[in-house]
*Asks:* 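Okay, here's the structure, questions in a sec.
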Number of protein chains: 2
Amino acid sequence: MTSPSESVVRAWTRLERAHRAALATVENRLKKEGLPPLAWYDVLLELERGGAPGLRPFELQKAMLFAQYNLSRLIDRLETQGYVARTASADDGRGQMLAITAKGRAMRKKIWPVYAAAIEAAVGAHLSPSEARTLADLLAKLYAPRS
Amino acid sequence: MTSPSESVVRAWTRLERAHRAALATVENRLKKEGLPPLAWYDVLLELERGGAPGLRPFELQKAMLFAQYNLSRLIDRLETQGYVARTASADDGRGQMLAITAKGRAMRKKIWPVYAAAIEAAVGAHLSPSEARTLADLLAKLYAPRS
DNA sequence: TCCATTTATATGCAATTGCATCTAGTGTGT
DNA sequence: ACACACTAGATGCAATTGCATATAAATGGA
């Protein structure tokens, strides 16, 4: 139980502030354009990348570090809107397989330009290319599967 | 509207993931000890640092990048618990002055060891001292008052 | 095979958040 | 002093989150 150094505490505090600031920028822009919240995009992208058979909810959960009950309901909403299709898993009776629909793909594509501009405004505009790389590398260490 | 580079997008994505992971660690530990959520600590600390006359809600809001309505209600809860005292602002009829109470100070002190250990686990354990400094510096750029 | 444990996902209910808007002061220009 | 735009803060209501727990199927033994 070593106590954190001053710079670790500062890093944590700034992680919170930076995240809050950037997230607010992104969510506000999406909303202003009448688009769904960020999490929808993230799930759709993950599913699109996941490829053919689809992904299990628990895989999404691990990849995106979402709380299980939040993901469950997020999928409900995505399904209601017709962006995602749930089918029973062939090999696991408890589970399901998630697939992005054509409508879901279209929505993801539609969101991207707005999201991209927001990311640039919230993050890119503040960093040089090399700073962005360094930041990405350091942040990855905070949730690396294993240290 | 330049599009963000690949590394900027990665930095943003990882900012989200890292924040989610670290926050979950911190909040879980606080909860496990029966302590109030993180935001309470942050407000109490800010008020304690703010010193004698106290702070106006809008000052807190700017410092912590909180949404106005969230802060308003967070203060309600803190006041209900007796951790914070609201008094009418002398020089601005619309406003109020917030002060931390003795009980609030005591709670802040009580939270700190748990919070500190959580920060170390969530952040410090993953970074060298120099990495922590670099990370803190880079994150600060993302919400700098002016670029 | 049977039982206990664990894993995958859902859900009722309370607390919090977000949105939109409201009220009440402030400040400025005339 | 008046009209108007702006700032500080609160709040009703709907949506989301968090918590605790439920259900059902898989898994690992004995």
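Per chain, numbering begins at 1; letters A, B, ... match sequence-line order.
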*Asks:* Measure the distance from CG on A:Asp76 to P on C:dA10 and round it to the nearest whole Å.
*Replies:* 7 Å
*Asks:* Check whether any side-chain heavy atom of A:Leu44 lies under 4.5 Å from a side-chain heavy atom of A:Val84, and answer yes or no.
*Replies:*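 Result yes, sub-4.5 Å side-chain heavy-atom pair found.
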*Asks:* Specify whether A:His19 and B:Trp12 have parallel, tilted or perpendicular ring planes, treating 30° as the upper limit for parallel and 60° as the lower limit for perpendicular.
*Replies:* parallel
*Asks:* Can you check the A:Arg20 CZ to C:dT17 P distance for me, whole Å?
*Replies:* 10 Å
*Asks:* For the residue pair B:Leu30 and B:Pro37, establish whether any side-chain heavy-atom pair is separated by less than 4.5 Å.
*Replies:*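 No, every pair of side-chain atoms sits at 4.5 Å or beyond.
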*Asks:* May I ask you to evaluate whether A:Arg86 reaches the phosphate of C:dA10, defined as a side-chain N or O under 4.0 Å from OP1 or OP2?
*Replies:* yes
*Asks:* Report yes if a donor N or O on one partner sits less than 3.5 Å from an acceptor N or O on the other, where the partners are the side chain of A:Arg94 and the base of C:dT7; otherwise report no.
*Replies:*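 Yes, the side chain and the base share a sub-3.5 Å donor-acceptor pair.
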*Asks:* Tell me: CG of A:Leu78 to P of C:dA10, nearest whole Å?
*Replies:* 13 Å
*Asks:* Are A:Phe58 and A:Leu65 in one and the same hydrophobic cluster, where Ile, Leu, Val, Met, Phe, Trp and Tyr link if side-chain heavy atoms are under 4.5 Å apart?
*Replies:*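 No; tracing contacts between hydrophobic side chains, which count when under 4.5 Å, never links both residues.
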*Asks:* Send over the distance from A:Ile75 CD1 to D:dT17 P, rounded to a whole Å.
*Replies:*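 Answer to the nearest Å: 13 Å.
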*Asks:* Whole Å only: how far is the CG atom of B:Leu35 from the P atom of D:dG18?
*Replies:* 18 Å
*Asks:* Can you classify the ring geometry of B:Trp40 versus B:Tyr83 as parallel (below 30°), tilted (30 to 60°) or perpendicular (above 60°)?
*Replies:* perpendicular
*Asks:* So, for A:Ala22 and B:Leu15, which heavy atoms are closest and what is the spacing to 0.1 Å?
*Replies:* CB-CD2, 4.3 Å
*Asks:* State which residue, out of A:Arg73, A:Lys103, A:Arg86, fulfils the salt bridge (charged side-chain N to carboxylate O under 4.0 Å, His left out) condition with A:Glu79.
*Replies:* A:Arg86
*Asks:* B:Asp92 has an atom CG; how far is it from atom P of D:dG9, in whole Å?
*Replies:* 7 Å
*Asks:* Strictly below 4.0 Å, heavy-atom distances to any atom of DNA chain D: list the hits from residues 47-62 of chain A, or just say none.
*Replies:*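 Of all residues in residues 47-62 of chain A, none places a heavy atom under 4.0 Å from DNA chain D.
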*Asks:* Let's see if you get this right: which residues in residues 66-74 of chain B place a heavy atom under 4.0 Å from DNA chain D?
*Replies:*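 Per residue number, the list reads B:Gln68, B:Tyr69, B:Ser72, B:Arg73.
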*Asks:* In whole angstrom, what separates B:Asp91's CG from C:dT26's C1'?
*Replies:* 12 Å
*Asks:* Taking the side chain as C-beta and beyond, is there a heavy-atom pair between A:Asp42 and B:Glu16 under 4.5 Å?
*Replies:*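 Side chain of A:Asp42 against side chain of B:Glu16, heavy atoms only: contact under 4.5 Å found.
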*Asks:* Would you say A:Leu142 and B:Leu127 make side-chain contact, with heavy atoms under 4.5 Å?
*Replies:*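 A side-chain contact exists here, since the closest heavy-atom pair is under 4.5 Å.
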*Asks:* Could you tell me how far apart A:Trp40 (CH2) and D:dT16 (C1') are, to the nearest whole angstrom?
*Replies:* 12 Å
